[in-house]
Number of protein chains: 4
Amino acid sequence: MNFLMAKLTNQQRKENKRQSILENAKRVFQRKGFLDVTMADIITETQISRGGIYLYFKSVDEIFIEVLKQRNSHSLDNINDEVEHNTPFEDVFNEYLQNQKDRLLNHIEDSLLRAVYEFYFTHKSPTSRQFQQEQFAMIKQTILTMLKLGVSQSKLDDQQLIPLSEQLMFLIEGLSVLSLTGGLTEQQVDQQFALINQRIPRV
Amino acid sequence: MNFLMAKLTNQQRKENKRQSILENAKRVFQRKGFLDVTMADIITETQISRGGIYLYFKSVDEIFIEVLKQRNSHSLDNINDEVEHNTPFEDVFNEYLQNQKDRLLNHIEDSLLRAVYEFYFTHKSPTSRQFQQEQFAMIKQTILTMLKLGVSQSKLDDQQLIPLSEQLMFLIEGLSVLSLTGGLTEQQVDQQFALINQRIPRV
Amino acid sequence: MNFLMAKLTNQQRKENKRQSILENAKRVFQRKGFLDVTMADIITETQISRGGIYLYFKSVDEIFIEVLKQRNSHSLDNINDEVEHNTPFEDVFNEYLQNQKDRLLNHIEDSLLRAVYEFYFTHKSPTSRQFQQEQFAMIKQTILTMLKLGVSQSKLDDQQLIPLSEQLMFLIEGLSVLSLTGGLTEQQVDQQFALINQRIPRV
Amino acid sequence: MNFLMAKLTNQQRKENKRQSILENAKRVFQRKGFLDVTMADIITETQISRGGIYLYFKSVDEIFIEVLKQRNSHSLDNINDEVEHNTPFEDVFNEYLQNQKDRLLNHIEDSLLRAVYEFYFTHKSPTSRQFQQEQFAMIKQTILTMLKLGVSQSKLDDQQLIPLSEQLMFLIEGLSVLSLTGGLTEQQVDQQFALINQRIPRV
DNA sequence: TATGAATGAGCATTCATTCAT
DNA sequence: AATGAATGAATGCTCATTCAT
């Protein structure tokens, strides 16, 4: 029993270190984007040895993908929680838009957005493509789940749910692109979200 | 006078060479995006000497910015032509959407789109920011000019023209992002453009 | 007594593990030569821990030397057996040549030959030199023992036995070098062995 | 004409630098063999910049192959000269053996032999194989040319010339292998060359 | 004006060896 | 006795920029 416990502890210790690397690396990506980040940056931030990091990850790419995976599952998890609690659709939807607005206007510089785009546009291998498409699929799914909540609460028609979800996704991507160039105002975000709100086919 | 003529000829020769560099460089950017392009690539394509290119441009960045400037004035010019000829709004608008659809689905790989994004997301200096914002302003202006043509032909209401222009711009940016990851279908583009068309406040 | 038995058993266990390491390592050397082999390779093949292997051997060099020592004693043992049984010289000699031919033409890639050469030519320390010379001495002794068998059976003159032994050794080394570059044909081996056979001073 | 002369001078200057690199690199290979040599070693010896060397050669391999190519053509050239001057066969042959003996006994440590073997046994790609076989073919051709000179001077039978050439080649390779382990005496070389001399089928 | 040879800082990655547990 | 996580020195290679001619 001691033996088993010791072994578990070792595995846990390793997993903890892995998590620690990911958290430190995430800060680096937020600060510098993706392309400027070298293994040396992550090593410095993590306080680990040059060779040590390769015991956990094969490359900067691999670290970044892991950071993204952990991040994007959160959002969908949250929405699923709301669905389970049958939170009123308007509350869920407004909170979602509010979060996006906040992200677009205030947290761009310390978010992973720049890093994500730098990664996307420089990785064209089939594997990378698939990963990127999965990430977008997750965003679409998040929005669709929200809209279906509205339908199940008889607040929305169930017409054109998919094109609508996609439109919101495309719109948010477009806004994100603009926000990174620094050319996005609060008024613009409000106007766009208002237009979208009008479009939602309320019963 | 001979002296002045000779000087003019030299200036012309210099301008021709500058243009030649830009045309060759453009092909390189279309092929390789922005980040992968080295001075060596441009030198090879241009058939100029390594030192020589620095007589015309200080860096790859400068060359790329110049390529973009020359490109983007075209689109607005075309729309302005249509306005002068008072071409029916529906024709102009449909052609615009058709061009965008074609670009998104067929010409992504040999367009400058990837290069543009790679450039945008890796350049945060005030100068670059301003340039990027000018580029987006030009796109918005193009769309707005089109919509105003519809108003002047009494085909459209003149309400919310700016938010609508911006929405189309954001949507196209979002679609562009997705198209670069290879995850964009013709059906999706058609659906999004149909949704936008419904929104245009026809009289 | 219990204590002594336990100690013996431990020594045996240790010796078994040592042998196991050598057998596994030998396969690695056959597959990869010498220079490409890292401790990690041997660890993987041996299913032992990284630190554990250092309890038995100080380095890859030491492991390889031990593998070689065990291998080369075999050949001489076989010839000595034949001498004891007074097997006819022609049979012994022809079998020896046949074995060498087979090794040169068919088993180069899964033999230790490449590894041996890679080791020899990269180790110039006095210790290594001495080891290498012992190895060659053993080969020469093997051949010489064979020829002396022929003399004792009154099949051969006892003139120039040492230069002849050495010539066969040098020739085989030369053939081995060529075989590793892939440039050795069966015809060449046959011709060389035929020439040598003509030279053997039969009574 | 001035223009052409200037251009020639540039090409010559570049060729001179290339030669200078090869000469310096050769010394490094003689001193350290092949495997221990890093680009840094060659850079230090050549007094060139880190990047500069890559303007002339892509890798250590490429430098080494070039060094070998320049070396091995010499030997065949010399023999061809002797053939043209119809130098007596015995003189040519004895001088050849004397040179080999000298090389084997005295100049091993500052010759390229160790480097050559280190290179051969660690390069198994088809391209490398072909190169190695060409090198051996050149050695065989050198010896064969010599023997044919003897035939043309009616000093030798023309029987078995190819197997004989090959035997001398194999023997010299075998002697070379032993010489690198430090286990080769003058007596051994003399004995082997004497045995070979007996074998040459003099008329 | 134009050339292109030369520079050297910067980065990813491997691996033998150690040592706390 | 055995483990395996951690270390960090070492190396090949690229590329923007300079400068002598």
Side-chain angles (χ1 to χ4, degrees), chain A residues 2-3 6-7 9-11 13-14 16-18 35-43 46-63, chain B residues 10 13-14 17 35-43 47-63, chain C residues 10-11 13-14 17 35-43 47-63, chain D residues 2-3 6-7 9-11 13-14 16-18 21 35-43 46-63:
Chain A
N2 264 338
F3 177 72
K7 221 179 165 188
T9 308
N10 277 344
Q11 282 184 356
R13 213 180 289 159
K14 192 154 185 181
N16 287 345
K17 186 137 196 179
R18 214 182 117 89
L35 291 165
D36 274 358
V37 173
T38 69
M39 268 300 187
D41 293 320
I42 298 178
I43 286 159
T46 314
Q47 298 277 36
I48 202 178
S49 75
R50 207 159 182 72
I53 199 123
Y54 286 92
L55 297 176
Y56 296 88
F57 299 98
K58 278 205 293 273
S59 64
V60 176
D61 278 28
E62 197 177 304
I63 297 175
Chain B
N10 278 344
R13 214 181 286 159
K14 187 157 184 177
K17 191 144 194 176
L35 291 165
D36 273 359
V37 173
T38 69
M39 268 298 187
D41 293 319
I42 299 178
I43 286 158
Q47 300 275 35
I48 202 177
S49 77
R50 206 164 181 72
I53 205 147
Y54 284 92
L55 299 175
Y56 296 89
F57 300 97
K58 277 205 296 268
S59 64
V60 176
D61 280 25
E62 197 176 305
I63 297 175
Chain C
N10 277 344
Q11 282 184 355
R13 213 181 288 159
K14 190 157 183 177
K17 190 144 193 176
L35 291 165
D36 274 358
V37 173
T38 69
M39 267 300 186
D41 293 319
I42 299 178
I43 286 159
Q47 300 275 35
I48 202 177
S49 77
R50 207 166 180 74
I53 205 146
Y54 284 92
L55 298 175
Y56 296 89
F57 299 98
K58 277 205 296 268
S59 63
V60 176
D61 280 26
E62 197 176 305
I63 297 174
Chain D
N2 264 337
F3 177 71
K7 222 180 164 186
T9 308
N10 277 344
Q11 281 184 355
R13 211 180 291 160
K14 191 154 184 179
N16 287 343
K17 186 136 196 178
R18 212 182 118 91
I21 292 174
L35 290 166
D36 274 358
V37 173
T38 70
M39 268 299 186
D41 293 321
I42 299 178
I43 286 158
T46 315
Q47 298 276 36
I48 202 178
S49 74
R50 205 159 184 73
I53 198 122
Y54 287 93
L55 297 176
Y56 295 88
F57 300 97
K58 278 205 293 271
S59 63
V60 176
D61 278 28
E62 197 176 305
I63 297 176

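- Between the side chain of Arg50(C) and the base of dT17(E), a donor-acceptor pair under 3.5 Å is found.
- dG8(E) is paired with dC15(F) under the criterion used here, namely a Watson-Crick or G-U wobble arrangement in which both key atom distances are under 3.5 Å.
- Nucleotide dA2(F): paired with dT21(E) (Watson-Crick or G-U wobble, both distances less than 3.5 Å).
- Using a 4.0 Å cut-off, no side-chain N or O of Lys17(A) falls inside it from OP1 or OP2 of dA5(F).
- Across the protein-nucleic acid pair, Asp61(C) atom CG and dC15(E) atom P stand 16 Å apart, rounded to whole Å.
- Minimum heavy-atom separation, Ile53(D) to Ile48(D): N-CD1, 4.0 Å.
- When heavy atoms are screened at a 4.0 angstrom cut-off, Ile48(A) is found touching the sugar-phosphate backbone but no base atom.
- Taking all atoms of both residues into account, the shortest heavy-atom contact from Ser59(D) to Met39(D) is C-CE, 3.5 Å.
- Phe57(D) approaches Glu62(D) most closely through the heavy-atom pair CA-OE2, 3.8 Å.
- At whole-Å resolution of the value, CD in Glu62(B) and C1' in dA16(F) are 14 Å apart.
- Residue Gly52(C) is the one, among Gly52(C) and Thr38(D), whose nearest nucleotide of DNA chain F lies closer to the 5' end (criterion: closest heavy atom).
- In this structure, the side chains of Thr38(C) and Val60(C) stay at 4.5 Å or more apart for every pair of heavy atoms.
- Put simply, Lys58(D) has no side-chain N or O that comes within less than 4.0 Å of OP1 or OP2 on dC13(F).
- Distance Phe57(A) CZ to dT13(E) P: 14 Å, rounded to the nearest Å.
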Side chain to side chain contact (heavy atoms under 4.5 Å, CB included) assessment of Leu55(D) paired with Lys14(D):
CA-CA 10 Å; Leu55(D) 297 176; Lys14(D) 191 154 184 179; 5.7 Å; no
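- Place Gly51(A) and Val60(D) on DNA chain F by their nearest nucleotides, and Gly51(A) ends up nearer the 5' end.
- For Arg13(A) and dA6(F), the CZ to C1' distance is 13 Å, given to the nearest whole Å.
- As rounded to whole Å, 16 Å separates atom C1' of dT21(E) from atom NZ of Lys14(A).
- Contact annotation: Tyr54(C) does not reach the phosphate of dA16(E) (side-chain N/O to OP1 or OP2, under 4.0 Å).
- Per the geometry, CG belonging to Leu35(C) stands 18 Å off P belonging to dT14(E), to the nearest Å.
- As a whole-Å value, the separation of Ile43(B) CD1 from dT18(F) P is 14 Å.
- The shortest distance between the side-chain N/O atoms of Tyr56(D) and the OP1/OP2 oxygens of dA6(E) is below 4.0 Å.
- Nearest-nucleotide positions on DNA chain E place Ile53(B) closer to the 5' end than the other of Ser49(D) and Ile53(B).
- Mapping Leu55(B) and Val37(A) onto DNA chain E by nearest heavy atom places Leu55(B) at the nucleotide closer to the 5' end.
- Note: CE (Met39(C)) to C1' (dT3(F)) measures 15 Å, nearest angstrom.
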